[in-house]
Protein chains: 2
Amino acid sequence: MQNPVPAASAPGKAVMAAPKRKLVAEETNRRADILRAAGRLFAEKGYAATTIRDIAGAVDMQSGSPFYHFRTKHDMLRAVVLEGIGAINAAVAQAAASGKSPRATFEAMLRAHLDQLLGAEGRDFAATLLHESRHLDAEAQAEVVMLKDRYEAMWQKTLKDLKRAGLIAVDSPLASLFLLGALNWTVQWYRPDGGKSVAQIARQLSSLLLKPAG
Amino acid sequence: MQNPVPAASAPGKAVMAAPKRKLVAEETNRRADILRAAGRLFAEKGYAATTIRDIAGAVDMQSGSPFYHFRTKHDMLRAVVLEGIGAINAAVAQAAASGKSPRATFEAMLRAHLDQLLGAEGRDFAATLLHESRHLDAEAQAEVVMLKDRYEAMWQKTLKDLKRAGLIAVDSPLASLFLLGALNWTVQWYRPDGGKSVAQIARQLSSLLLKPAG
DNA sequence: CCTACCGATCGGTAGG
DNA sequence: CCTACCGATCGGTAGG
C-alpha cells in the first residue's frame, strides 16, 4: 500500500509495458526484502534498538533508501505486525476448517499456530507481533487488538466444540488464555535443534489438556 | 553494591556517626527510588525506549544524577531484572515449603507466582525480567539463566510430587514449560480492575491441570 | 547531586 | 535508490 508504484514509473507508451511490469515486481520484492529484514531485526533486538541503518544494511541499501518504500520506521513495524497476525490467523483458520474430528482438528490448529511461531518463515513476524506491538501508535494498536480478538474467538469456539464432544472439562475464556499462554511461551524456550519437533509439542499439549482417547 | 556509601561520607569523628547513618539510609532510599522508577519505565516502554532523562525526571533528578547511583543504564537493567527473579523465587519457594498437601501447596505456588507478576509491588520488575532480559550483556544473561533454571527446577519437583500423589497425569519438563507459559502470559491480559482476582485465576488453572478433588 | 557539556547516533529529508 | 545533510536526542562525564 505504501508506494506500490513509484512516481518514476509513470504511465508511458505501449512499448513501456514490459519494462514497467518488471520494475513493479522488483520494487515489490525490495519492499518484501526490507520487511523480512525488519522483522528479523525487530525480533532479535527489539523495535527501539533497531536502527534504520541496521535494516538498510541488511538489504544492502544506504540509510535513506528504506524511506522510498516506507514512510516511517513505525510503518515498517505496523506492516511486520500485521503480516504476523495475518499469517497466524490464516494458518489456524485453515486447520480449523479441515473437517476432521474435534480432537484431530484441535491438534492441527495447535500445529498450525506453533508452525507460525517457531518455523523459519513466520517466526520473526510472530515474535515482533508478540513482543513489539506496544510500540505501535494507538490506531494501529486498535487494529491489532481487533484481529487478536477475532483470533481468540476462533480458539474459544474450538474449546466449546471439544467440550460438547466430551473431550475437555472446562471451556471458559480463561481456559483459552491459559492455552494461548502455553503456546506463545514456546518462543521463549523452543530451539529448532532441540529434541522436540513442533508436531511432538502439539501432541503433548493436546494430551495434557484433553481426556485420553478411547 | 554500586556506590553503597558515596565518597562524600568518609569516616569522621564520633560526632559524625548519627548524621552519617542518616545519609546512608537516604542514599539507599534514593537508589531504591531510581530502581522502582526504572522498573516501571522499562516495563511500560521497554529498556531501549526509556531514557536516563525519563528515569531521572521520574524521581526529580537532573539527567546526570542517576549516574551517581548506577554506573550505566545497563547496570540499572541488571538490578531490576535480578530484583524481579529474586522476588519471584523467594515468594514461590516460601509457598513450596508451606508443608501443606500437594494440591494446596501447588495452588499456593501458583498464587505466589501470580502475585509477583500481577501485584503492584512486583509486576514492573517481573515484566522487565520477562521482556527486557535480552538487552543484558552475556555475563548478566548467564546469571539470569542460572537463576531461571533453578526456579524451573522447583516447579519440576512440584509436578513430580503431584504425579506421585496421583493428582496429575504427566510431569514431563514440557509440562512445566506449558504451565509457566500459561502463568507468564497472564501479564498480557490481566487487568487489576477486571473480573478475576489472582486467587481465582490460580484456582482455575489448578483445576484445569489437576484431577478433580475427592 | 547539579551544571554544563561532549561526541555519537538517530529518524528523516531535499535534491538529484 | 544514493548523496549529503539536519535538528534532535542520547548515554555519559568533568568539575564542582
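Here is the naming used below: chain letters follow the sequence lines, and residue numbers restart at 1 for every chain. Owing to the predicted nature of the structure, the values given are computational and were not obtained by experimental measurement.
Without hydrogens or angle criteria, A:S98 side chain to A:A95 main chain gives a donor-acceptor distance under 3.5 Å. No donor-acceptor distance shorter than 3.5 angstrom exists from the side chain of A:K196 to the backbone of B:L174, with no hydrogens or angles considered. In this structure, the side chain of B:S65 does not engage the main chain of B:M61 through any donor-acceptor pair within 3.5 Å.
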Quick tally for nucleotides 11-16 of chain C: nucleotides whose base has a protein heavy atom under 4.0 Å get B, sugar-phosphate-only ones S, the rest -, giving BBB---

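In this structure, the NZ atom of B:K45 is 12 Å from the C1' atom of D:dC10, given to the nearest Å. Atoms CE (B:M61) and C1' (C:dT3) sit 15 Å apart, rounded to a whole Å.
Other residues, nucleotides and ligands contribute at most 12 non-hydrogen atoms within 6.0 Å of the CD atom of A:Q94.
Classified by interplanar angle (parallel below 30°, tilted 30° to 60°, perpendicular above 60°), the ring pair A:F42/A:Y47 is perpendicular.
Residues A:D75 and A:R71 are paired through a salt bridge, judged by an N-O separation under 4.0 Å between the basic side chain and the carboxylate.
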Any chance you could encode DNA chain C as dot-bracket? Rule is Watson-Crick or G-U wobble with both distances under 3.5 Å; [ ] for pairs crossing earlier ones, | for another strand. ||||||||||||||||

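OP1 or OP2 of D:dT3 lies within a sub-4.0 Å distance of a side-chain N or O belonging to A:Q62.
A salt bridge (Lys or Arg N to Asp or Glu O under 4.0 Å) check over residues 130-144 of chain A, counting only residues at least two apart or in different chains, returns the pairs A:R78-A:E143, A:E132-B:R134, A:R134-B:E132.
With hydrogens and angles left out, the side-chain atoms of B:S206 and B:E107 include a donor and acceptor closer than 3.5 Å.
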